[in-house]
Every structure is written in C-alpha cells, then in structure tokens.
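Here is the structure we will look at, set down as structure tokens.
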Amino acid sequence: IRGSETSQVLYKTEQLLNITSYPFYHGSLDGVSCEELLRWKPNGTYLIRDGEKPNLFYLSWVTDSDQCHFAHVPFRLTQDGWVHKNMHIT
C-alpha cells in the first residue's frame, strides 16, 4: 500500500470507529427490524444502521409516530468524509 492509500484507509477506519461508538449506531439491522425498533417512538427519534454494502449506512428516523411513518436516507463514507447525495444504491 502506498502512503496516500494508507492514510485513506486510516481515515476511513477512524471515521467508522467514531460513528460506531455512539448509542444511536445499531450496526447490522434490516429495514423491517429498524422500523420495529423505532415504532411508537416520538417524532425525530433516529438511529444509524449498516447498509448492504461496505461504507454504506442509513439514517432512519420517525416522521410521524401516530401513523408509524419512517424515513431512511442512505449515506456513504468516502475519502472526503460522510456524504449523502440523491444516490442510486447498486
């Protein structure tokens, strides 16, 4: 591994360790299990969970607790940090 690649790997490792140390991080949790966990929680309650691919995560939160509505937004860890774009996850 070249120097720039090594620093990139170290940066990503540090960023992953930062996010995984918080109580809002729930690791490997599918969408259905996520919604079960968030069900009947107050509006705005959120969690971060792993996506299906490396460096992919979802921010999931309650949008309407009375109707049990949720939102799930994908984001990635890139060399520039945490990024969310209107992306198509493939």
Side-chain angles (χ1 to χ4, degrees):
I1 298 179
R2 296 183 313 226
S4 63
E5 291 171 345
T6 300
S7 62
Q8 205 172 49
V9 168
L10 291 174
Y11 174 79
K12 283 187 175 185
T13 301
E14 180 181 306
Q15 293 299 310
L16 283 172
L17 289 175
N18 285 341
I19 200 169
T20 60
S21 65
Y22 287 96
F24 56 72
Y25 175 74
H26 285 264
S28 180
L29 191 66
D30 64 30
V32 171
S33 299
C34 170
E35 290 183 3
E36 288 174 5
L37 187 63
L38 291 172
R39 191 171 310 281
W40 307 118
K41 299 286 192 281
N43 291 349
T45 302
Y46 69 94
L47 60 81
I48 293 180
R49 59 189 174 90
D50 293 339
E52 304 81 22
K53 297 187 177 201
N55 300 321
L56 176 66
F57 300 87
Y58 284 91
L59 171 61
S60 300
W61 72 93
V62 180
T63 60
D64 183 345
S65 58
D66 293 334
Q67 299 295 316
C68 294
H69 290 174
F70 310 95
H72 306 278
V73 176
F75 64 99
R76 291 188 184 280
L77 176 59
T78 69
Q79 62 189 21
D80 298 322
W82 297 104
V83 176
H84 162 69
K85 294 182 180 171
N86 291 333
M87 59 179 146
H88 176 67
I89 305 302
T90 58

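The model shown is predicted, which means the values in this text are computed figures rather than measured ones.
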When clusters are formed by joining ILVMFWY residues with side-chain heavy atoms under 4.5 Å apart, either directly or through shared neighbours, do Phe57 and Leu47 land in the same one?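 Result: no, two separate clusters.
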Cluster overlap Val73 with Phe70, hydrophobic side-chain contacts below 4.5 Å: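 Shared cluster, no.
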What one should report as the nearest heavy-atom pair of Tyr58 and Glu52 is OH-OE1, 3.6 Å
Looking only at heavy atoms, what is the nearest atom pair of Pro74 and Leu56, with distance? CB-CD1, 4.1 Å
Measure the [atom1]-[atom2] distance between [X] and [Y] for me, rounded to the nearest 0.5 Å.
X     : Y     : atom1 : atom2 : answer
Ser60 : Leu37 : OG    : CG    : 10.0 Å
Leu59 : Arg49 : CG    : CZ    : 9.5 Å
Ile48 : Phe75 : CD1   : CZ    : 4.0 Å
Ser65 : Leu38 : OG    : CG    : 11.0 Å
His72 : Trp61 : NE2   : CH2   : 9.0 Å
Tyr46 : Cys34 : OH    : SG    : 13.0 Å

In this structure, which one of Val62, Asn43, Thr63 forms a side chain to side chain contact (heavy atoms under 4.5 Å, CB included) with His69?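 Passing option: Thr63.
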Which class fits the ring pair Tyr22 and Phe24: parallel under 30°, tilted 30 to 60°, perpendicular over 60°?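 Because their plane-to-plane angle is under 30°, the rings of Tyr22 and Phe24 count as parallel.
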Side-chain donor or acceptor of Ser33 paired with backbone N/O of Asp30 under 3.5 Å: no
